[in-house]
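None of the values given here were measured: they were computed from a predicted structure.
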Amino acid sequence: MSISALSGVDFDSVFQTPSITSSLASDSDSLLIDGKEDQSPFGTILDSAVRLVSETNAYSNAAEEEEIKYALGETDSIHDLQIAQQKANVSLQYTVAVRDAFVNAYKEIMNMQF
């Protein structure tokens, strides 16, 4: 097989990025920092962090609800339960990583010599 045989292949139509929809997703993303003119950069970052924690709580609550539904026999979909638990776990790990990065940055700033 030669490479020239692949020249007519439209890879954009073959490989598509999967889209994930969630009831927790909205038009605003907590990871995007949207600066407002009347707010300081610190306030903007703080608001973003608060939104991140709120999303993490929402994912944890959704996972707990799925656990309760499965335990009560309202649903028999172990697949949905595992997805909800994994989303909550990944969200928590990301939130902890962001917190650790902020704490490390704070420590470095405090240790600076002026």
Side-chain angles (χ1 to χ4, degrees):
M1 179 176 168
S2 68
I3 294 179
S4 62
L6 297 175
S7 64
V9 177
D10 181 20
F11 288 105
D12 292 333
S13 65
V14 175
F15 299 107
Q16 296 177 354
T17 304
S19 62
I20 299 172
T21 58
S22 170
S23 61
L24 297 174
S26 64
D27 293 338
S28 65
D29 187 2
S30 67
L31 303 179
L32 299 176
I33 298 174
D34 185 23
K36 297 177 183 170
E37 292 180 17
D38 60 340
Q39 194 172 17
S40 69
F42 179 77
T44 304
I45 292 173
L46 187 62
D47 286 344
S48 178
V50 168
R51 283 194 311 260
L52 179 64
V53 170
S54 296
E55 281 185 16
T56 301
N57 287 337
Y59 281 123
S60 296
N61 291 339
E64 188 175 331
E65 288 175 13
E66 285 295 323
E67 290 171 6
I68 292 170
K69 286 179 187 177
Y70 186 76
L72 293 175
E74 293 177 8
T75 182
D76 59 349
S77 176
I78 191 82
H79 183 73
D80 290 340
L81 173 61
Q82 289 177 337
I83 289 173
Q85 288 176 335
Q86 189 64 27
K87 283 182 181 179
N89 187 24
V90 169
S91 179
L92 181 62
Q93 288 176 353
Y94 182 75
T95 302
V96 169
V98 169
R99 182 214 50 197
D100 290 346
F102 279 128
V103 169
N104 287 337
Y106 176 77
K107 286 179 181 178
E108 282 188 33
I109 290 172
M110 289 289 109
N111 289 331
M112 284 182 169
Q113 299 290 328
F114 292 103

Notebook entry, point to check: Short question: side chain of Asn89, backbone of Gln85 - any donor-acceptor pair under 3.5 Å?
Noted result: no
Notebook entry, point to check: With no hydrogens and no angle check, is any side-chain donor or acceptor of Thr95 less than 3.5 Å from a backbone partner on Ser91?
Noted result: yes
Checklist line | Closest non-hydrogen atom pair, Ala84 against Glu66 | finding: CB-CG, 3.8 Å
Item checked: Single-linkage hydrophobic cluster Ile45~Val98, side-chain heavy atoms < 4.5 angstrom -> yes
Note to self: Is there a continuous path of hydrophobic side-chain contacts, each under 4.5 Å between heavy atoms, that joins Tyr106 to Ile109?
What the structure shows: yes
What's the separation between atom [atom1] in [X] and atom [atom2] in [Y], rounded to the nearest 0.5 Å?
| X | Y | atom1 | atom2 | value |
| --- | --- | --- | --- | --- |
| Ile83 | Gln86 | CD1 | CD | 9.5 Å |
| Ser40 | Leu46 | OG | CG | 8.5 Å |
| Met110 | Glu108 | CE | CD | 12.0 Å |

Notebook entry, point to check: Can you tell me if CG on Asn104 sees more than 12 non-hydrogen neighbours from other groups inside 6.0 Å?
Noted result: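 Yes, CG of Asn104 has more than 12 neighbouring heavy atoms, counting only those of other groups under 6.0 Å.
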Notebook entry, point to check: Is there side-chain contact between Tyr94 and Leu52, with at least one heavy-atom pair below 4.5 Å?
Noted result: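 Touching, per the 4.5 Å side-chain cut-off.
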Note to self: Side-chain heavy atoms under 4.5 Å apart, restricted to Ile/Leu/Val/Met/Phe/Trp/Tyr: what other residues fall into the cluster of Leu81, or is it alone?
What the structure shows: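 Listed partners: Tyr70, Ile78.
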